[in-house]
Amino acid sequence: MGLKQLRIFKYFSFIIFSLIIINSTFVIAQDGADSTALEVVDSLTLELQPQPATNITAKDTPNDEGGSIIVSWNLSADDYAGGKVTQYKVFRAMLTDGKVGEFEQVGENTAGAESFQDGNVDNDFQYVYKVQAINSFYDENAELKEFFSESKISKPVSSSPQWFKMYTINTLIGVVLLCFFIIFYINQASKGKKLFIRKLAGMEAVHEAVGRATEMGRKIFYVSGLGDMDNMQTIASMTILGRVSELAAEYDTYLDVPVCRSLVMVTAKEVVKGAYSKAGRPDSFQEDQVHYVTDDQFGYAAAVDGMFVREKPATIFFMGQFFAESLILAETGNSIGAIQIAGTAMPSQLPFFVAACDYTLIGEELFAASSYLSKEPKLLGSLKGQDIGKGVILVALIIGVILETFNIWNFSSLFSVID
Amino acid sequence: MRREVPLFITAIVGISFVIQYFIPHPPFSNLSDWFSDWFSIIQACAIVLGALNLMKISFLKVKDKKPDWGYAAVIIVSFLFITIIGLSEGEGFRLPGTKFDWIYNFIFIPLSATMFSILAFFVASASYRAFRARNFEATLLLIAAFFVMLGRVPIGDLLVWFMPEGYQLSNLASWVMNVPQAAGQRAIMIGIGLGVVSTSLRVILGIERSHIGGGE
Amino acid sequence: MSTKVKEILAVVAITIFCLVFYIGKINGWETIEFSFTVSMIVISLLVLSLVWILILTIKGNLIERRIVFLFVGIAVTLPLFMGISQKISSSPEVVSLYESVDALPAGSKVLISFDYDPPSAPELQPMAEAFIQLCFEKNLKVITMGLWPQGPQQANLAFEKVFSSEKLKGRKFEYGVDYVNLGFQTGNEFVVQRMGSSFKSMFPTDYVGNAYNDLPLVKNIKNFSNIDYCFNLSAGFPGTVEWIQIGVDRFGVLLGAGNTAVQAPQIYPYLNAGQLTGLLGGMNGAAEFEKLTEIPGKGTKFMLSQSFSHMVVIAFVLIGNVAFFMSGRKSMLEGNEE
Amino acid sequence: MDHFSLWLAAFLTLGIISFLYKDNPWYKLTEAIFIGISAGYWVVTLYWDNFYGKFWVNKGEEPTLWIGAFFGFLMLLRLIPKVGWLSRWPLAFIVGATSGLWLMNYFASNIMVQVQATIMPLFSTGYGTGFDADFATIVANFVIFFGTLTGLVYFFFSKEHKGAFGVGAKIGIFFLMITFGASFGYTVMSRMSLLIGRIDFLFGDWLGMIQ
């Protein structure tokens, strides 16, 4: 060790020695845990100890339900690629009557990180934070060595819940606008205003398909897919089932509804029963028309496939959320020569429905189908409202692209949904 | 009562769940958590109905000696078999080494994985019999499918070995997926978004009410 | 001979075949691998039979479904016996996934959600293995969970495989410190939603029953803000879409995804919109990722069969269409072929 | 894996495959086993995970869970025809909550975010970077923009697809078809992978013929 280094060493040990004294004199609350690391102070420590993080700030996490505080800091001077800092540890203490309590570690973050979110705090209590810059590594004996330096303590902070997520204001405006259009046109329609709705090929064919089954004296199958009742596609499918079963009741054709979710079974029973009584044939309804098979995707597919092959229905409806089973079902239905009408919002299954079924409702058309089938003006009004929404989106797309292309305004930021 | 209360429940619950998106403050912040718990519990109760329904239909088949009644008996036996074992096994029924786990590994997986894999055969059959270039649209569908299928396996690049790096079938497939395909998907997605909003709204407003038993 | 007798004979023949090879397996027979010449002969035979099908079809009689099935079965099985290797390219979405993981500093916490079950394992398991191994090679901490009940089992299988790999053999990984398997929780997308406020409320214990707070790796993880990277392996619902809608859009996590090929096209718009850092699609995605990470696995092994199967499907579409145009479109559109 | 387990798995696997030949007793047997086992599997899973795991274990700490249990109880009342109509309440609850949640989730993720992603400067790699895009990027930007635009036009319900609007819708349908084609290609890929996985089981794990 050269003379110069020796001098620096002496100089530093003096400072640290005085620090220890100051520490033990003024901060009695802090016990051994912190000072132990300072015991073995040699040149190696000095060399390996990183500079502390600076400018520690803590603030309540905005737009949340409370219980969370964001701690941020400026990087230690030794935090760069290849620098000494490998990690930051964040410590927290509660502040009661102006007195700082015991610090405990609440988390860590990797080198290069400038903040940490502490989600384990209670609302309306005061806290202070400090951050340790850590240099840890395995030495030649494969023992973990750790050196650290501590930052100053942050100003006290407390967390609280907010009543509104400020950054969702654009979403709020958008959704209110869209709902307004829909409700407005529903109103218009129920006042008797005539609205034009284009033909949906699949829905035009429903009467014909049900009629065909009646002529042939065969069953109709209605498959509502794999979704449970917490799925909008299934709910849309149930409303379509209502219209289809009404028709089936009128034509007096047997409608078979195998389902793979118990809740869907319960709902479908309500729907079919309601439709039969609406069509004036409550007695034709049989409880077992709607029956549960199994919750399992392929158990269900195997069973329904078997039913198709053995009972040879004249008409099959596939409406709702479908996955891989769509192909087995549609292909088998096609091979027995049934008329098939399908509708789903699952893009991955659409090509097979398009290929193997006579008519296919694509995406949004599935949601429009029940309105279309009902021919009820109110429901058709909602389609018009949707279209206005679509128009607004088209205009926004065009204006936005022009503005951004010519560097006038970052229009797309209006549609951001994250903070 | 029979119709008004459900409509009321749907409306109130629906509106609260729309609001919870904007308000982080309790109790709104807890709503979706509660719903997920409640839904799980309701689901668990509802499956009793489903299972009873399946048992009833199978049992009637056996009792009336309808055609294929033997298979209905197999359904009943295998259902009871796994249910009794699973329920008696306790909370850790799924851990490796349990009887339930054995049933899962050697009965359930082979069955469902095979059912899944025979889709490959149906795909091939559908390709041969159903995918026809009937018109321009269908032709476009097939061409896109060709390039993607070829571009996504090593053999595709082998077929166009003469093309320079960066212009091979795999690059073309990537382009199709990332550009026109993504544009189409996006249009479908936006459409679905509008459809969902509109249907949800109709349900919440009580205009669409078949889920609680049809029209009137 | 009646059909019935033939069928019984076929079943008997298959049974004997299986028995012979099973007994052979027990007695330590070697696996079979075709030489290059044999492989080429097999390939030519396959091509010839396709030509035969083409001729038959043009003549106006569509071949039976069952022959199509049989052909597919053979064309997918035989390549598994061939020892031909192929050059695997790398698509941008796979590269960007690799780079985003590569950029993570050592010690970062990576959450992997296993949202699939064994039937989808052929596609997703190779991704899981390569991804976990990459994490360990880069000294990242791995936390796994599942939105599907069978997911955590798949995670365990992947860990076992990775620990026994050549590259990591000498190293020790401590459960609870280097990796944790949190297990499965019901509630679909709500699980993700709730993890946004608290992991612990969703996973009070891990897969084997240790309390959350007893696991050093996770005890200080409150929610997504303490996670550096998420990776989701998905075979449907709930899966990548839910992780994007809630994890990314609401809580701002950094997400990469591995999907079954069926799912993947739907994910591209999200990828395009920057909601995902990268995407592995299907077995091809797995093979490309294996190549980038230099961890060869089943994805690479199965690629030859995959190539063959694609060629077969393309051939069938072409044959169907050639016949369709040559024999007049009308008659075939009307006829319900069987 | 012992011999019995392996052979059982193989027996069931081949039983399902035999359906490809035709509907036969072997398939019907495996199908029946499949239906029974899978229905039972879900009963067990839902009981332990949902009822026991969610409700029974936590019922003391979380009083709100009782509301769920009450709804579940109402659901079971279907078994008694006289008061069966009460099961509409939990249904109404589920449908209402789903509607509310989906309304917002889809509005945000499918509309807002996708619109945001589609609005981009056509000649730049990002906003405010100047006209710095290369030719390929410019083409891609244009295609994505017009593809999304025309695809949306196709979905208009209240306007006849005629004139300029009809042309838009027509182009839109082309994009949808490319999308379906790509989906088809990927689905083929996926299905074939699964078949390969199964064949690997038969010839690898079971018969030991391949590595």
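Just so you know, these numbers come straight off a predicted model, no measurement behind them.
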[X] atom [atom1]: more than 12 heavy-atom contacts under 6.0 Å:
{"X": "D:Phe70", "atom1": "CZ", "result": "no"}
{"X": "D:Trp56", "atom1": "CH2", "result": "no"}
{"X": "A:Lys273", "atom1": "NZ", "result": "no"}
{"X": "D:Phe73", "atom1": "CZ", "result": "no"}

Can you list the steps and then say if A:Phe415 with D:Val113 is a side-chain contact (heavy atoms from CB on, under 4.5 Å)?
-> CA-CA 6 Å; A:Phe415 294 89; D:Val113 175; over 6 Å; no
Evaluate side-chain contact (heavy atoms from CB on, under 4.5 Å) for D:Met75 paired with A:Leu263, printing each intermediate quantity in order.
-> CA-CA 9 Å; D:Met75 197 48 110; A:Leu263 278 171; 2.9 Å; yes
Quick check for you: to the nearest 0.5 Å, what is the distance between [X] atom [atom1] and [Y] atom [atom2]?
{"X": "D:Phe145", "Y": "A:Thr405", "atom1": "CZ", "atom2": "OG1", "result": "8.0 Å"}
{"X": "A:Ile197", "Y": "D:Phe157", "atom1": "CD1", "atom2": "CZ", "result": "8.0 Å"}
{"X": "D:Tyr127", "Y": "A:Trp409", "atom1": "OH", "atom2": "CH2", "result": "9.5 Å"}
{"X": "D:Tyr41", "Y": "A:Asp296", "atom1": "OH", "atom2": "CG", "result": "8.5 Å"}
{"X": "D:Ile119", "Y": "A:Leu403", "atom1": "CD1", "atom2": "CG", "result": "9.0 Å"}
{"X": "A:Phe406", "Y": "D:Leu122", "atom1": "CZ", "atom2": "CG", "result": "8.5 Å"}

Need one label for [X]: side chain, backbone, both or neither, based on atoms under 4.5 Å from any heavy atom in chain D.
{"X": "A:Ile328", "result": "neither"}
{"X": "A:Leu414", "result": "backbone"}
{"X": "A:Val309", "result": "side chain"}
{"X": "A:Ala324", "result": "both"}
{"X": "A:Lys199", "result": "neither"}
{"X": "A:Ile235", "result": "side chain"}
{"X": "A:Asp228", "result": "neither"}
{"X": "A:Ile399", "result": "neither"}
{"X": "A:Ser416", "result": "both"}

Contacts of residues 128-141 of chain D with chain A (heavy atom under 4.5 Å) | D:Gly128, D:Gly130, D:Phe131
Most contact-rich option vs chain A, by heavy-atom pairs under 4.5 angstrom, among D:Thr148, D:Leu46, D:Leu152, is D:Leu152
Of the listed D:Val95, D:Val43, D:Thr30, D:Leu176, the one with the largest count of heavy-atom pairs under 4.5 Å with chain A is D:Val95
Over all atoms of both residues, closest heavy-atom pair of [X] and [Y]:
{"X": "D:Ser38", "Y": "A:Gly299", "value": "OG-CA, 4.2 Å"}
{"X": "D:Gln116", "Y": "A:Ser412", "value": "CG-O, 3.2 Å"}
{"X": "D:Met120", "Y": "A:Glu404", "value": "CA-OE1, 3.4 Å"}
{"X": "D:Ser183", "Y": "A:Ser348", "value": "OG-CA, 3.9 Å"}

Top of [options] for chain D proximity - count of heavy-atom pairs under 4.5 angstrom:
{"options": "A:Asp305, A:Val354, A:Leu380, A:Asn231", "result": "A:Asn231"}
{"options": "A:Val175, A:Leu394, A:Thr171", "result": "A:Val175"}
{"options": "A:Ile398, A:Leu327, A:Leu383", "result": "A:Ile398"}

What part of [X] gets within 4.5 angstrom of chain A, counting heavy atoms only: side chain, backbone, both, or neither?
{"X": "D:Thr45", "answer": "neither"}
{"X": "D:Phe107", "answer": "side chain"}
{"X": "D:Leu101", "answer": "neither"}
{"X": "D:Ile37", "answer": "neither"}
{"X": "D:Tyr186", "answer": "neither"}
{"X": "D:Glu31", "answer": "side chain"}
{"X": "D:Phe19", "answer": "side chain"}
{"X": "D:Thr118", "answer": "both"}

Do any N or O atoms from the side chain of A:Arg198 and from the backbone of D:Phe156 form a donor-acceptor pair under 3.5 angstrom?
-> yes
Does D:Ser158 offer a backbone N or O that forms a donor-acceptor pair with the side chain of A:Asp387 under 3.5 Å?
-> yes
Any heavy-atom pair between the side chains of [Y] and [X] that's under 4.5 Å?
{"X": "A:Leu350", "Y": "D:Thr179", "result": "no"}
{"X": "D:Arg78", "Y": "A:Glu270", "result": "yes"}
{"X": "D:Ile35", "Y": "A:Tyr300", "result": "no"}

Do A:Asp230 and D:Thr98 pass the side chain to side chain donor-acceptor pair (under 3.5 Å) test, and can you show the C-alpha distance, the side-chain angles, and the key distance before you say yes or no?
-> CA-CA 5 Å; A:Asp230 63 343; D:Thr98 307; 5.8 Å; no
Given side-chain contact (heavy atoms from CB on, under 4.5 Å), test D:Phe34 with A:Thr294 step by step and report yes or no.
-> CA-CA 9 Å; D:Phe34 196 4; A:Thr294 161; over 6 Å; no
Could you go through the side chain to side chain donor-acceptor pair (under 3.5 Å) check for D:Tyr154 and A:Glu365 one step at a time?
-> CA-CA 11 Å; D:Tyr154 168 78; A:Glu365 294 176 334; 3.3 Å; yes
Carefully, step by step, assess D:Leu91 and A:Val266 under the rule side-chain contact (heavy atoms from CB on, under 4.5 Å).
-> CA-CA 9 Å; D:Leu91 275 183; A:Val266 175; 4.0 Å; yes
Aromatic contact, D:Phe184 with A:Phe352 (centres under 6.0 Å) = yes
Charged N to carboxylate O under 4.0 angstrom, A:Arg310 versus D:Asp23?
-> yes
Do we get A:Lys390 above D:Phe155's six-membered ring, with its NZ or CZ under 6.0 Å from the centre and within 45° of the axis?
-> no
